[in-house]
Amino acid sequence: MKIFTSFTLSTERLTLRFVEPGDAEALFRIMSVEETMRYFSSTPWQHMAQAVDNIEQTLKGYLDGAVLRLAMVPREGEHAGEVIGTVTLYAFDLRNHRCEIGYILGRPHWGQRYTQEALKALIAYAFGTLELQRLEADIHPDNIASERLLQSLHFQREGHLRERWFVGGEISDSIIYGLLRRDWEAATHPAQ
Ligand SMILES: CC(C)(COP(=O)(O)OP(=O)(O)OC[C@H]1O[C@@H](n2cnc3c(N)ncnc32)[C@H](O)[C@@H]1OP(=O)(O)O)[C@@H](O)C(=O)NCCC(=O)NCCS
């Protein structure tokens, strides 16, 4: 397993950095909102302790190479320096050169292509530095925003798995999207 030691990625508007213990309030603000958590793999957070615990798991994940989660921090404007969301690589299967990708953005920041911008950098890192061949995303069938986001990043819809999640008393199916390194390279560096 690769251990993740702190680094940053820069995009046009964002710095992507490792999550820190001091991010608990910012993450709680994002993950306690009903609308944001509607199609997520857990119910809205109700207690700050959940944020603290989640950050502890993330820090452990860096150390054992299980999770690479980066905070999205705008460099300029009204929200400069704030954590507005996170993008994550997890469920690594290095033998098969693949992992899953996840993302969440605070409600006030939706629709400004922040997540698309952050994921472009994370995907480039996954296929470049980490030498992965395949990324997978598992989304709720009704999560149109997530589906459009993945399509905008050249992910292809690959399957429909039935009754895969049980969250907040509701059973839901999964739509699986996949992105291959060669698809990404063809889309981002088309042959002349
Ligand atoms: C899904 C989510 C991360 C999208 O973030 P975002 O920063 O608002 O998305 P972007 O602005 O980068 O949009 C990327 C693409 O998706 C499209 N899109 C985003 N939200 C959309 C919506 N509600 N309806 C239709 N299209 C949408 C954009 O138009 C854009 O496509 P384009 O470049 O072809 O026009 C955000 O809505 C969110 O955090 N939702 C709650 C958490 C969640 O569901 N996470 C995913 C769990 S699998």
Side-chain angles (χ1 to χ4, degrees), residues 9-16 19 23 26-46 50-51 54 57-58 61 67-80 82-91 98-126 134-168 170-179 183-184 187-188 190:
L9 299 176
S10 269
T11 68
E12 195 186 330
R13 294 172 294 173
L14 300 168
T15 298
L16 305 179
V19 170
D23 294 333
L27 291 190
F28 184 76
R29 215 174 305 127
I30 295 166
M31 311 236 354
S32 55
V33 173
E34 179 93 34
E35 191 183 3
T36 305
M37 301 299 276
R38 173 67 188 91
Y39 302 121
F40 212 72
S41 51
S42 64
T43 50
W45 289 354
Q46 292 184 310
Q50 289 172 280
N54 180 273
Q57 296 306 317
T58 299
V67 176
L68 175 61
R69 185 178 186 202
L70 299 177
M72 301 158 70
V73 182
R75 276 193 301 279
E76 287 179 9
E78 194 191 339
H79 300 284
E82 272 177 38
V83 174
I84 61 167
T86 63
V87 289
T88 308
L89 299 177
Y90 66 104
R98 66 173 145 83
C99 74
E100 293 191 36
I101 195 161
Y103 36 83
I104 189 157
L105 184 69
R107 181 64 187 95
H109 312 286
W110 290 7
Q112 299 172 60
R113 297 211 171 84
Y114 273 128
T115 313
Q116 188 186 68
E117 183 175 319
L119 287 180
K120 280 181 184 168
L122 189 64
I123 292 168
Y125 181 84
R134 173 182 165 80
L135 298 174
E136 297 175 356
D138 171 342
I139 69 170
H140 190 290
D142 298 336
N143 196 346
I144 303 294
S146 192
E147 185 155 39
R148 294 280 152 74
L149 168 68
L150 292 169
Q151 288 166 347
S152 80
L153 291 163
H154 313 289
F155 278 76
Q156 290 189 26
R157 185 177 166 129
E158 295 181 336
H160 184 151
L161 307 186
R162 296 174 305 155
E163 298 189 5
R164 191 150 190 271
W165 292 96
F166 192 76
V167 180
E170 187 187 305
I171 297 179
S172 65
D173 296 357
S174 285
I175 304 297
I176 305 297
Y177 269 82
L179 177 68
D183 297 340
W184 178 252
T188 53

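Since the structure is predicted, the reported quantities are computational estimates derived from the model, not experimental observations. Ligands are counted one by one from 1 in listed order, and the atoms in each one are counted from 1 as well. In what follows, every heavy atom counts, from backbone to side chain, and hydrogens, waters and symmetry copies are set aside.
- Every residue meeting the side-chain contact (heavy atoms from CB on, under 4.5 Å) condition with Ala121, not counting sequence neighbours, appears here in chain and number order: Leu9, Thr11, Leu16.
- Salt-bridge check for Lys120 with Glu12: failed, with every basic side-chain N at 4.0 Å or more from each acidic carboxylate O.
- The residues Arg13 and Glu117 are annotated as salt-bridged, a charged nitrogen and a carboxylate oxygen being separated by less than 4.0 angstrom.
- Note on residues 139-153: pairs passing side-chain hydrogen bond (donor to acceptor under 3.5 Å, both in side chains), not counting sequence neighbours, are Tyr103-Ser146, Gln116-Ser152, Glu147-Arg157, Glu147-Tyr177, Gln151-Tyr177.
- Not counting sequence neighbours, the partners of Glu100 by the side-chain hydrogen bond (donor to acceptor under 3.5 Å, both in side chains) test are Tyr90.
- Taking a heavy-atom cut-off of under 4.0 Å, ligand 1 is surrounded by Thr36, Phe40, Tyr103, Ile104, Leu105, Trp110, Gly111, Gln112, Arg113, Tyr114, Thr115, Gln116, Asp138, Ile139, Asn143, Ala145, Ser146, Arg148, Leu149, Ser152.
- Applying the 6.0 Å contact sphere to CD of Gln156 captures no more than 12 heavy atoms from other residues, nucleotides or ligands.
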